[in-house]
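The model shown is predicted, which means the values in this text are computed figures rather than measured ones.
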Amino acid sequence: MTITDDLQKLLDILPQDLRQKLEKHPQRDSLVEVVLDLGRRPEARFPHQAEYLSDAPVTQEVIDDCIKRVGSFGGDNRAGIEQTLHRISAIRNRNGKIIGLTCRVGRAVFGTIGMIRDLVETGKSILMLGRPGVGKTTALREIARVLADDLNKRVVIIDTSNEIAGDGDVPHPAIGKARRMQVAHPELQHQVMIEAVENHMPEVIVIDEIGTELEALAARTIAERGVQLVGTAHGNQIENLIKNPTLSDLVGGIQAVTLGDDEARRRGSQKTVLERKAPPTFEIAVEMLERQRWVVHESVADTVDTLLRGHQPSPQVRTVDEDGKVKITRQLTALNGRSQSLGKEESFAPARQSNGWRSSGQMLPLPPTAEPPKLSRHSEFDRLLDESLNHFDSFNDVDTRLAGPNGEDLPLHVYPYGVSRSQLEQVIEVLNLPVVLTKDIDSADAILALRSHVKNHAKLRQMAKARQVPIHMIKSSTIPQITRSLRRLLNIDDPEITDDRELQLFLHSASDDEIDALEEARLAVEQIVIPKGQPVELLPRSPQVRKMQHELVEHYRLKSHSFGEEPNRRLRIYPA
């Protein structure tokens, strides 16, 4: 980066003793501002500290002497030094007399927008957000120069305080070929914005500090005329603009909408919700957290919609390393508020390191003598609450789950979607599987869902991909399919092997007739159909018992049909 600051011209307006001390100061090149307040010691501020320049308090004569060396103060109580980017801001008493000065150093930094140059070249409108002093105006100045000089666009800067292009009638060279329109009175900025579009045929309008509702409306008018906008606004994040009724129009405006019963039920929300009113004025937003760390929202519309639905967006985080190389990562924000930045460009990493079934792909059921954890609704809530408060205190927490005999994570946490919870609990309890059902997708190791539901739920697929939680789909919520899917999840799926406990899943009344029928079907499958590849006909049974036999055969991934007339209707099992 190349920095031009004309610092000596700012120091020349200060008293001689202060000027000499700053000229010899070791941190002179990083000076941010000099503060002169009547009756107080003069203060020099640097990026990470502040220090007094003298023990003698500032007098009115010192302030008046400095005022004589700068330009006239406008309606916004700001003045400048001709041909420089410095800004001198005044504090007045109730009678209008200046009793304090903030002399801020203005620097032209060439190369500061390397992090977002690709976004600037897209031609989309860009909004810069950030706290005071983070470099919004510096970035705005550099964007104007790049658009005018490198991309050969017609750029007009609306320079309300002469802070972008400097004081005086001739603009500072830092803006390149861009043209500058000065504003006589700050309250007329919105009129000058419209005048620039109507009179000077710009392709790009650059605006600093959009702060009133009229300026926000003028910005929307300009954007709807097909002109690219680049501007700054007060606020650290997009959330600040959403909550600011004056500036919310910059991100599309917010309105209350009453939903129909079906739509509210589909969304799982209240009938009255907040929604975006219109397309945002600025298509891209950049949150300048630090000078070398910016958060980029590539689609302001999507970000605002996500926030209004109560979720957190996943924006880009762009940083610059010591070699000047731009690094792009993706920031994930989970539902419980913990954030995580991911190192590889446009890549996603798992929310936590797993030492169990995900890495080894192997998990065994608990021994038959062990009692499976039976969690009531109350205890499940307590577990999730305790986990959210303690387990996720930091990004690198070590997973505290108990380890199984092969080093796997026990129990396996499954998030059911569209699958009967009662049937799942029945299978888990009867087969004594190390599985716990969870209502929190963040704590899930896998998602078990109906295929038809997943196809129509893009948000679920997106959340699962972001958290790298695998989705296992089944056609229907039946005992055989649920049993098979859980066995597959635990890597113990062997259709040729079953036991007496598994037959209990298919029993309805547990009568002797049912038990005999299921045992007959099991022996036929395991002793004839699978090993010999031959079809088998079973004894005649009642419709209810035959249905149970069909379910058992389906569990073995075989086909069966009922044939004959009642009361001699019976099952025929076919090899695969």
Note, [X] side chain near [Y] side chain (heavy atom, < 4.5 Å):
| X | Y | answer |
| --- | --- | --- |
| Val273 | Leu308 | no |
| Arg421 | Leu437 | yes |
| Val295 | Leu289 | yes |
| Thr122 | Ile284 | yes |
| Thr329 | Lys327 | yes |
| Glu287 | Ile238 | yes |
| Pro540 | Glu566 | no |
| Asn236 | Arg131 | yes |

Write down the atom of [X], the atom of [Y], and the distance for their closest heavy-atom approach.
| X | Y | answer |
| --- | --- | --- |
| Leu247 | Ala233 | CD1-CB, 4.4 Å |
| Tyr574 | Arg572 | OH-CD, 3.1 Å |
| Ile471 | Ala449 | CG2-CB, 4.5 Å |
| Ile242 | Leu307 | CD1-CD1, 3.7 Å |
| Ile116 | Arg318 | CA-NH1, 3.9 Å |
| Thr438 | Ser443 | OG1-OG, 3.1 Å |

Checklist entry - Around Lys153, counting heavy atoms of other residues, nucleotides and ligands shown, do more than 12 lie under 6.0 Å from its NZ? => result yes
Roughly how far apart are [X] [atom1] and [Y] [atom2], rounded to 0.5 Å?
| X | Y | atom1 | atom2 | result |
| --- | --- | --- | --- | --- |
| Leu217 | Ile222 | CG | CD1 | 11.0 Å |
| Phe282 | Ile126 | CZ | CD1 | 9.5 Å |
| Tyr415 | Leu448 | OH | CG | 12.0 Å |
| Leu151 | Ile143 | CG | CD1 | 11.5 Å |
| Leu486 | Leu412 | CG | CG | 8.5 Å |
| Trp294 | Leu129 | CH2 | CG | 12.0 Å |

Does [X] use its side chain to pair, donor to acceptor, with the backbone of [Y] at less than 3.5 Å?
| X | Y | result |
| --- | --- | --- |
| Arg569 | Ser562 | yes |
| Gln549 | Ala517 | yes |
| Arg467 | Val469 | no |
| Asn244 | Asn240 | no |
| Asp445 | His413 | yes |
| Arg570 | Asn568 | yes |
| Lys136 | Gly130 | yes |
| Thr306 | Gln312 | no |

Checklist entry - Is it true that Arg541 and Glu520 have a side-chain N and a carboxylate O under 4.0 angstrom from each other? => result yes
Item to check | NZ/NE/NH1/NH2 to OD/OE distance under 4.0 Å, Lys243 and Glu239 | outcome: no
Checklist entry - Judged by modelled atom types alone, do His550 and Ser560 share a side-chain donor-acceptor pair under 3.5 Å? => result yes
Checklist entry - For residues Glu203 and Gln228, is any side-chain donor paired with an opposing acceptor at under 3.5 Å? => result no
Next on the checklist: Between Ile254 and Lys277, does the side-chain contact (heavy atoms from CB on, under 4.5 Å) criterion hold? Intermediate values first, please.
Outcome noted: CA-CA 5 Å; Ile254 311 302; Lys277 187 187 302 181; over 6 Å; no
Item to check | Val317 vs Ile328, side-chain contact (heavy atoms from CB on, under 4.5 Å): CA-CA, chis, key distance, verdict | outcome: CA-CA 6 Å; Val317 179; Ile328 302 177; over 6 Å; no
Next on the checklist: Checking Lys271 now: which residues fulfil salt bridge (charged side-chain N to carboxylate O under 4.0 Å, His left out) with it, not counting sequence neighbours?
Outcome noted: Asp261
Checklist entry - Yes or no on side-chain contact (heavy atoms from CB on, under 4.5 Å) for Ile210 and Leu250, after CA distance, side-chain angles and deciding distance? => result CA-CA 9 Å; Ile210 301 174; Leu250 296 177; 4.2 Å; yes
Item to check | Evaluation steps, side-chain hydrogen bond (donor to acceptor under 3.5 Å, both in side chains), between Gln255 and Glu275 | outcome: CA-CA 6 Å; Gln255 64 182 356; Glu275 287 197 347; 5.7 Å; no
Checklist entry - Are Leu538 and Ile573 close enough, and set up right, to give a side-chain contact (heavy atoms from CB on, under 4.5 Å), and what steps lead you there? => result CA-CA 8 Å; Leu538 304 182; Ile573 307 174; 4.0 Å; yes
